[in-house]
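All remarks here apply to the structure that follows.
What you are looking at is a predicted structure, and each value in this text was computed from that prediction instead of being measured. All residue numbers refer to positions in the sequence shown, counting from 1.
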Amino acid sequence: MSLILGLIYGIVGMGIYLTFRVIDFPDLTCDGSFVLGAAISSILIKYGYNPYFALLIAIMGGMVAGSVTGILNCYFKVTDLLAGILVAFMLYSVNIHVMGGIPNISLMGAKTIFPLSYFELFGYSFSYSLIYLAVISIALVAVFTWILSTNLGLSLRAIGQNKRLCLNGGVNVKWMIILGVALGNGLIALGGALFSQQQGFGDLTSGIGTIIAGFAAVIIGEKILPFRSIWVKILSCIIGSVAYRVITSIALNTDIWEKILPDSLHHLQPQTSDFNLIAGLLIIFVMAMPGRKNA
């Protein structure tokens, strides 16, 4: 399960990487766009639509949400942080309407892109969902590596380095910002849609902590793979997310703590409710680690 969640939130991490790192736009729309993707996917599947079509519409919904954030920033002079907060705030009501006023939609028995079968490897059982998500993740890494290597992608990367220079060079900075935020939120909405289909439900509260999970994927991935190549930077989001999920799951494993702690201190072992604390400490620890020079 940690590997599956790691791959899903790795896609979310790619979206956050596009906004935070590529175009230097601190976007906080993600908590709302993640749920928007889950809501759109869940309601369409509930009414019998093809699950792949539901993923496509979820991506488009996320891109619309990101575009609104970009437009508020570029044309209404709302600061980037406030624009993201406002859109995420409004998306709460939008998501309720999308889900038909129901805070939780069950997909049990509905057809999704994920099979229910398992396979054995090294004595452990793994869901075929893991293979599906790995293929999707690799395909997205390849697609966005290509996009960011085109003239359009180079313009996106350039505005993250120096907006004024790009403006003087004839680049439409406003439209590039809107496009970058739209693409990032499209990926995040895709992550939400995949999450709902894999977990078997769409929940209104599933977006809580999305920004932390995505940010953790980015910074942990950058520590693991500190290289300049754009494809490595995008791939590092997936690697960082998987590492984040595996480390936090190990930290919350009661069997490990029962072996380490004496009986008199068993009451100190981490509980599920300590996930946010452990995740926050892990991120702080990784950010405090001395970085290596980019290769």
Side-chain angles (χ1 to χ4, degrees), residues 8-37 58-91 137 140-141 143-145 147-150 152-163 166 171-193 207-222 230-238 240-241 244 283 287:
I8 291 174
Y9 280 96
I11 295 172
V12 174
M14 289 169 56
I16 290 177
Y17 172 79
L18 282 174
T19 54
F20 274 77
R21 289 287 193 258
V22 175
I23 65 172
D24 192 25
F25 189 101
D27 179 33
L28 298 181
T29 316
C30 51
D31 282 13
S33 56
F34 183 89
V35 181
L36 179 62
I59 294 172
M60 294 173 63
M63 293 183 68
V64 170
S67 298
V68 173
T69 300
I71 290 170
L72 286 177
N73 173 251
C74 294
Y75 290 100
F76 291 86
K77 307 304 179 183
V78 181
T79 59
D80 43 22
L81 286 172
L82 182 57
I85 292 172
L86 280 173
V87 174
F89 179 72
M90 293 186 292
L91 279 176
S137 299
L140 287 173
V141 170
V143 168
F144 276 89
T145 298
I147 290 175
L148 293 177
S149 299
T150 62
L152 176 65
L154 291 174
S155 297
L156 285 172
R157 293 160 66 181
I159 66 171
Q161 299 296 321
N162 194 321
K163 291 182 176 63
C166 291
V171 176
N172 192 325
V173 173
K174 291 182 178 180
W175 279 103
M176 287 295 105
I177 290 175
I178 294 170
L179 176 62
V181 181
L183 288 174
N185 280 278
L187 277 174
I188 294 167
L190 173 61
I208 296 175
T210 301
I211 182 66
I212 297 299
F215 185 62
V218 173
I219 64 170
I220 293 175
E222 288 176 342
I230 189 63
W231 73 268
V232 177
K233 288 181 177 294
I234 297 174
L235 179 64
S236 69
C237 297
I238 306 293
S241 179
Y244 168 72
I283 294 172
M287 292 180 70

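- The CD1 atom of Ile219 sits 14.5 Å away from the OH atom of Tyr17 when rounded to the nearest 0.5 Å.
- When the salt bridge (charged side-chain N to carboxylate O under 4.0 Å, His left out) test is applied to Arg157, no partner is found at least two apart in sequence or on another chain.
- Between Val173 and Cys166, the shortest heavy-atom distance links the atoms CG2-CB, 4.2 Å.
- In this structure, the side chain of Ser241 does not engage the main chain of Ile238 through any donor-acceptor pair within 3.5 Å.
- Atom OH of Tyr75 sits about 5.5 Å away from atom NZ of Lys174, to the nearest 0.5 Å.
- Residue Met90 places its CE atom among more than 12 non-hydrogen atoms of other residues, nucleotides or ligands, all under 6.0 Å distant.
- No side-chain heavy atom of Val12 sits under 4.5 Å from any side-chain heavy atom of Cys30.
- Rounding to the nearest 0.5 Å gives a distance of 11.0 Å between OG of Ser236 and CD1 of Ile220.
- Interatomic distance, CD1 of Ile234 versus CG of Leu148, reported as 5.0 Å (0.5 Å rounding).
- The closest donor-acceptor contact from the side chain of Thr145 to the backbone of Val141 lies under 3.5 Å.
- Residues Met176 and Leu152 are in side-chain contact: their nearest non-hydrogen atoms beyond the backbone lie under 4.5 Å apart.
- Scanning both residues, Gly13 and Cys237, for their nearest heavy atoms gives O-SG, 3.8 Å.
- The distance from the CG atom of Asn185 to the CD1 atom of Ile59 is 12.5 Å, given to the nearest 0.5 Å.
- Heavy-atom minimum distance, Cys74 versus Ile178: SG-CG1, 4.2 Å.
- Expressed to the nearest 0.5 Å, how far CD1 of Ile211 lies from CG of Asp27 amounts to 7.5 Å.
- Side-chain contact check for Leu140 versus Leu190: some heavy-atom pair is nearer than 4.5 Å.
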How far apart are the C-alpha atoms of Lys233 and Val22, what are their side-chain angles, what is the distance that settles it, and do they pass the side chain to side chain contact (heavy atoms under 4.5 Å, CB included) test?
-> CA-CA 10 Å; Lys233 288 181 177 294; Val22 175; over 6 Å; no

Starting from the C-alpha separation in whole Å, work towards a yes-or-no answer on side chain to side chain contact (heavy atoms under 4.5 Å, CB included) for Ile159 and Ile177.
-> CA-CA 8 Å; Ile159 66 171; Ile177 290 175; 3.8 Å; yes

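- In plain terms, the two heavy atoms of Ile230 and Ser149 that are nearest each other are CG2-OG, 4.2 Å.
- Summarising the geometry of Ala189 relative to Ala58, their closest heavy-atom pair is CB-O, 3.3 Å, with the distance given to 0.1 Å.
- Residues Ala83 and Val78 share a closest heavy-atom pair of N-CG1, 3.6 Å.
- No side-chain donor-acceptor contact under 3.5 Å links Ser33 to the backbone of Leu36.
- A side chain to side chain contact (heavy atoms under 4.5 Å, CB included) with Leu18 holds for exactly one of Ile23, Leu179, Leu183; it is Leu183.
- The residue from Thr210, Ile208, Ile212 that alone fulfils the side chain to side chain contact (heavy atoms under 4.5 Å, CB included) condition with Asp31 is Thr210.
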